[in-house]
Amino acid sequence: MQDSVWAAVQTSDFDVGTLYTWLRGDSSCATDGAIVTFTGVVRDSNAQASLRGIELEHYSEMTLPALRQLAATAQSRFSLGRVVVLHRIGVLATHEQIVFVGATSPHRQAAFDGAQFLMDRLKSDIPLWKKELHSNGDEQWVMAKTRDSKAAQRWDSESQT
Amino acid sequence: MQDSVWAAVQTSDFDVGTLYTWLRGDSSCATDGAIVTFTGVVRDSNAQASLRGIELEHYSEMTLPALRQLAATAQSRFSLGRVVVLHRIGVLATHEQIVFVGATSPHRQAAFDGAQFLMDRLKSDIPLWKKELHSNGDEQWVMAKTRDSKAAQRWDSESQT
Amino acid sequence: MIQVLFFAHTRQLLKSDGVSLDAEPGMTVQTVLDSVSERFDNWDLVDADNLMCARNHTLVTRDTAVISGDTIAFFPPVTGG
Amino acid sequence: MIQVLFFAHTRQLLKSDGVSLDAEPGMTVQTVLDSVSERFDNWDLVDADNLMCARNHTLVTRDTAVISGDTIAFFPPVTGG
């Protein structure tokens with residue numbers, strides 16, 4: 001399983017085509033019929049203000065091990081083939097890519113569930129914090145959303161059934 | 001909304017990087033923060049046999065209009081930004097790409113739901129039929145799965161709540 | 001005239017891409033299907049209960065009315081994706 | 001010795017990256033937090049009820065035992081993704 005996970009925290013941008021090609025693998029591998037990807041992009045406004053970008057802080061010693069652990073958990077829970085979890089840090093302008101997750105599986109539902117699980121848990125468990133940089137020069141830490149903690153919790157309750 | 005849907009039926013392969021770049025748009029557009037993609041790949045075996053590929057038949061006058069209608073339905077139901085639904089036809093070897101759907105939205109749940117809806121309905125409503133080409137030379141039409149019709153039906157019941 | 005088309009496994013079992021029927025008053029998809037079934041000796045190979053149907057390129061149910069000029073397609077449950 | 005770290009909004013409110021504490025028998029994350037809170041005049045600005053905590057780079061609850069050599073991090077609910 002060693003090279004079936006691609007986990008990374010980086011300041012540099014990423015190329016979705018390259019990540020997808022890695023997820024797909026080549027014909028020498030057993031083929032997973034389903035590949036799901038999610039990419040998050042910096043929005044140009046929130047409910048109140050126009051934004052020029054965001055700044056992402058993280059807990060550097062913890063982030064990568066936590067992403068690897070998350071990928072391994074998803075892989076075993078949803079019987080995924082390959083998994084990518086990649087997050088950028090630092091200052092990102094509007095429209096830049098922030099985060100990518102990808103999951104492959106023989107069946108599409110597992111690939112969709114795996115990718116959603118990765119995103120939901122990433123938003124509840126990985127030590128990353130977003131500060132919005134407003135167009136007028138203001139800065140504001142983003143507050144965690146109840147919606148996101150509920151999204152993460154649904155995987156707790158489903159695991160008990 | 002005219003150029004916010006990319007629907008296609010084609011014999012040729014497709015490039016996920018190119019489709020993703022179209023989904024993402026450029027910084028001149030309003031930015032959807034969430035982009036979800038699904039790609040289906042020809043598997044190298046089914047439960048019984050080793051495969052050399054599949055052959056896809058379709059109802060040529062109906063397929064593209066039906067894909068466009070499906071994309072429009074998904075776009076309005078999940079408030080999606082851009083939508084791709086692309087399906088290949090003809091003979092496809094093991095490990096080749098078959099189908100791509102992509103959806104963008106301001107929120108990740110809508111993008112995930114939109115992409116799953118597109119795949120579930122594609123598998124229940126679009127006139128495409130798969131014949132498996134076995135390694136030993138046999139050919140066999142794929143039978144529709146109960147799992148797939150249930151997956152499509154869940155969107156019916158959810159629309160009533 | 002009504003153009004009837006078959007696809008995939010159905011086409012293969014019937015060894016036919018389709019047939020033409022004369023339109024009659026009060027026709028529905030079901031009566032078209034009944035009429036078609038009498039034309040083929042090997043019709044009993046077809047899983048007729050589970051056939052899907054499109055009228056003029058749109059999926060319809062069997063009680064849908066059919067008029068002259070329509071194209072009616074019968075095919076097995078779809079398996080794309 | 002216990003190394004205590006702060007991140008993000010918490011770090012900014014306290015104007016501190018972290019502090020060191022002497023280890024004491026029976027310490028938990030909660031007692032570390034109580035002890036830290038007394039060191040900062042502006043502690044009441046922190047939404048202490050909702051702070052998350054990691055012990056040696058793993059998320060833990062407040063009843064988790066803490067021993068000498070541990071690194072304890074306090075931070076607001078995470079907002080990546």
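Being a predicted model, the structure only gives us computed values, none of them experimental. By convention in this document, chain letters (A, B, ...) are assigned in the order of the sequence lines, proteins followed by strands, and residues within each chain are numbered from 1. No hydrogens, no waters, no symmetry mates; every other heavy atom, side chains included, goes into these values.
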### Task
With the side chain counted from C-beta on, respond yes when A/Phe38 and A/Gln116 share a heavy-atom pair under 4.5 Å apart, and no when they do not.
no
### Query
Between A/Ile98, A/Thr37, A/Val42, A/Leu23, which shows the greatest number of heavy-atom pairs under 4.5 Å with chain B?
A/Thr37
### Query
Does the side chain of B/Arg88 come within less than 4.5 Å of B/Glu96's, by heavy atoms?
yes
### Task
Just do the side-chain hydrogen bond (donor to acceptor under 3.5 Å, both in side chains) check on A/Gln153 and A/Ser149 with the steps written out, would you?
CA-CA 6 Å; A/Gln153 280 163 13; A/Ser149 60; 4.7 Å; no
### Query
Under 6.0 Å between the ring centres of B/Trp6 and B/Phe100?
no
### Pair B/Arg24-A/Thr39, side chain to side chain contact (heavy atoms under 4.5 Å, CB included): steps then yes or no
CA-CA 9 Å; B/Arg24 185 179 169 196; A/Thr39 314; over 6 Å; no
### Query
Does B/Arg43 use its side chain to pair, donor to acceptor, with the backbone of B/Thr94 at less than 3.5 Å?
no
### Heavy-atom check, side chain of A/Ile89 versus side chain of A/Gln10, under 4.5 Å
no
### Message
Looking at every non-hydrogen atom in both residues, tell me the closest pair between B/Ala71 and B/Val5 and how far apart they are.
### Response
CB-CG1, 3.6 Å
### Query
Are there residues of residues 117-144 of chain B that reach to under 4.5 Å of chain A by heavy atoms, and which ones?
B/Met119, B/Asp120, B/Lys123
### Query
Are there residues of residues 48-56 of chain B that reach to under 4.5 Å of chain A by heavy atoms, and which ones?
none
### Spacing of A/Asp26 atom CG and B/His95 atom NE2 [to the nearest 0.5 Å]
6.0 Å
### Query
Atom CG in A/Asp113, atom CZ in B/Phe112: separation rounded to 0.5 Å?
9.5 Å
### Cation-pi, A/Trp22 ring and A/Arg82 (6.0 angstrom, 45 degrees)
yes
### Query
Of all the residues in residues 11-21 of chain B, which have a heavy atom that comes within less than 4.5 Å of a heavy atom in chain A?
B/Val16, B/Gly17, B/Tyr20
### Task
Considering only heavy atoms and a distance below 4.5 Å, find which of B/Gly40, B/Gly33, B/Ser45, B/Ala34 pairs most often with chain A.
B/Gly33
### Task
Would you mind checking which part of B/Val99 comes under 4.5 Å of any heavy atom in chain A, side chain (CB onward), backbone (N, CA, C, O), both or neither?
neither
### Query
When you check the side-chain N and O atoms of B/Gln75 and B/Ser4, is any donor under 3.5 Å from an acceptor?
yes
### Query
Of all the residues in residues 101-111 of chain B, which have a heavy atom that comes within less than 4.5 Å of a heavy atom in chain A?
B/Pro106, B/His107, B/Arg108, B/Gln109
### Task
Please look at B/Ala151 and chain A and tell me whether the side chain, the backbone, both or neither of the residue comes under 4.5 angstrom of a heavy atom of that chain.
side chain
